[in-house]
Protein chains: 2
Amino acid sequence: MRGRSIFAGLSREEVCELGMDVHDIHVPTGTPIYHEGDPAQYAYTLRQGGIKLVKSLPNGHAQIVRLLHHGDLLGFEGLRTDRHRHSAITLTGTDLCRLELRALDALSQRLPAVREAIFARWQQALQEAEDRIVELGAKKADARLATFLCQWVGAYPQQRAAPFPLTRQDLGEFLGLSTEHVSRIMADLKRHGLLHEHKGHIEIPDSRNLFLYASSDGTRA
Amino acid sequence: MRGRSIFAGLSREEVCELGMDVHDIHVPTGTPIYHEGDPAQYAYTLRQGGIKLVKSLPNGHAQIVRLLHHGDLLGFEGLRTDRHRHSAITLTGTDLCRLELRALDALSQRLPAVREAIFARWQQALQEAEDRIVELGAKKADARLATFLCQWVGAYPQQRAAPFPLTRQDLGEFLGLSTEHVSRIMADLKRHGLLHEHKGHIEIPDSRNLFLYASSDGTRA
DNA sequence: CGTCCAATTGAAACAAGTCAATCTATGTGG
DNA sequence: CCACATAGATTGACTTGTTTCAATTGGACG
């Protein structure tokens with residue numbers, strides 16, 4: 001699912017011939033791709049790197065709504081609303097494929113397979129968002145962090161040590177915690193030997209142990 | 001959006017003729033319509049009443065993922081997955097319209113307008129789920145409850161006092177709080193005259209005040 | 001070598017959960 | 001019509017979880 005092109009079977013040339021121009025662009029670390037509230041003009045597919053989708057509250061607090069990996073889509077809400085509903089900020093240097101929303105909409109109307117592919121990703125995003133609601137609503141801080149780390153390294157099955165560009169603040173904004181608390185829990189996990197961290201990479205020696213840590217009465221409410 | 005039929009313009013007879021049989025069913029208060037993990041066979045549109053969508057954690061905790069009002073859809077995830085991803089339980093007596101998923105899928109493939117309508121609702125659900133993530137991740141208990149109450153009464157603009165079938169436990173499971181804490185905050189709101197409650201109905205004298213209460217440094221992280 | 005930013009740590013304040021007791025409304029059967 | 005049983009709501013005292021503030025450490029980089 002994730003990582004499969006939405007242009008089921010179409011080559012880039014064929015897509016271009018259908019009237020959309022497609023640009024590959026590179027964005028360096030920590031750079032906004034678009035801002036919450038901006039008029040939505042482009043959608044993107046993430047070819048390489050990591051991105052956070054952030055919503056800000058009036059009182060200056062930020063919440064990371066979703067984290068995107070290789071193969072994920074962003075900006076597609078522009079197909080239904082005229083403005084972006086969150087800010088997209090790179091966590092690493094990223095390679096993106098930029099698509100025009102108007103052309104994408106027209107094209108996907110004509111090609112049901114493309115429409116379906118977008119549809120499917122949307123449904124998947126809803127599923128993940130609902131899982132996140134459960135995490136945030138029903139688990140304590142340490143369990144939230146532990147399950148998140150398990151999922152993160154699970155997204156990099158090939159490597160022994162997964163790249164980990166997130167700061168403590170990013171983790172806090174994703175999990176609804178203060179950076180200090182995140183820091184303490186991370187230190188705890190390392191002390192228990194459940195987690196190693198070096199130079200922007202993390203490694204979980206035995207994810208079963210971490211999972212147990214995560215479940216061990218990580219309850220709330 | 002909410003409340004509009006997905007069968008854009010088609011009469012029930014036309015829908016039936018297209019090969020789907022449609023049943024109106026009534027379900028009394030507190031009854032499960034389907035369970036998390038059940039094979040998905042039907043989808044429903046909610047004609048009348050209230051429903052909670054619940055996910056359970058292994059350790060026996062429950063999280064209400066979404067609350068449905070008149071006009072909302074449920075069970076449509078069955079179009080993409082073969083099992084229901086949450087349990088649906090009535091909060092009141094409800095009138096539902098039951099649709100066969102297989103037939104619905106076939107029909108919506110043939111009628112792009114129907115497909116689009118479902119698509120649109122899905123997108124809306126994602127939007128609301130992301131808003132909920134922000135609520136849960138970035139606000140404190142009292143602010144979460146206050147904004148929720150505002151939204152709830154906002155869904156019943158016609159009445160002066162909105163029907164309110166939720167128990168304290170429901171509120172807790174929706175907002176990620178203990179029932180006791182919910183009870184205390186509700187008592188506080190009433191003490192401040194921001195909220196009245198009688199016999200399964202609530203009334204917010206001035207929603208601006210409650211909103212202020214909700215925003216007044218309702219920060220976290 | 002000094003600077004800067006992120007991470008860590010500690011102590012204290014605050015928020016929320018837990019447990020237990022009480023209260024209230026509601027419905028039931030006598 | 002009343003006594004009682006029941007389930008949800010409330011309240012209080014206490015414990016635990018989390019944030020806040022402030023100070024310190026550590027690493028990356030010029």
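First the proteins, then the strands, lettered A, B, ... as listed; each starts at 1.
Comparing atom distances between the S178(B) side chain and each of dT26(C), dT18(C), dT19(D) picks out dT18(C) as nearest. For T167(B), whose side chain is taken as the heavy atoms from C-beta onward, the closest listed nucleotide among dG8(D), dT18(D), dA6(C) is dG8(D). Comparing dT26(C), dT18(D), dC21(D) by their closest approach to the side chain of L177(A) singles out dT18(D). Taking every side-chain heavy atom of H181(B) into account, dG17(C) is the closest of dA9(D), dG17(C), dT9(C). Side chain of R184(B), nearest nucleotide from dG12(D), dT9(C), dT10(D): dG12(D).
As a whole-Å value, the separation of D142(A) CG from dT19(D) P is 12 Å. At whole-Å resolution of the value, CD in Q169(A) and C1' in dC5(C) are 11 Å apart. Rounding to whole angstrom units, CZ of residue R144(B) and C1' of dA16(C) are separated by 10 Å. Rounded to whole angstrom, the span from the CG atom of D170(B) across to the P atom of dA7(D) amounts to 16 Å. Whole-Å rounding puts the E197(B) CD to dT10(D) C1' distance at 12 Å. If you take CG of D188(B) and P of dA15(C), they are 12 Å apart, rounded to a whole angstrom. Distance, L175(B) CG to dG17(C) P: 11 Å, rounded to whole Å. The CG-P distance, from L195(B) to dT10(D), rounds to 10 Å in whole Å.
Salt bridge status for E130(B) with R66(A): present, with a side-chain N to carboxylate O gap under 4.0 Å. A salt bridge links D170(B) with K52(B): the distance from a Lys NZ or Arg NE/NH1/NH2 to an Asp or Glu carboxylate oxygen falls below 4.0 Å.
L67(B) places none of its side-chain heavy atoms less than 4.5 Å from the side chain of D72(B). With contacts defined as side-chain heavy-atom distances shorter than 4.5 Å, the pair T45(B)/L96(B) does not qualify.
Taking side-chain N and O atoms only, K140(B) has no distance below 4.0 Å to OP1 or OP2 of dT18(D). For the OP1/OP2 pair of dT8(C) and a distance below 4.0 Å, the side-chain nitrogens and oxygens of R168(A) include at least one atom meeting the criterion. The shortest distance between the side-chain N/O atoms of K190(B) and the OP1/OP2 oxygens of dT10(D) is below 4.0 Å.
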**Report entry** Q123(A) vs E77(B), side-chain contact (heavy atoms from CB on, under 4.5 Å): CA-CA, chis, key distance, verdict
**Finding:** CA-CA 8 Å; Q123(A) 145 70 358; E77(B) 71 271 19; 4.0 Å; yes

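Mapping K199(A) and V182(B) onto DNA chain D via the closest heavy atom, the residue that lands nearer the 5' end is V182(B).
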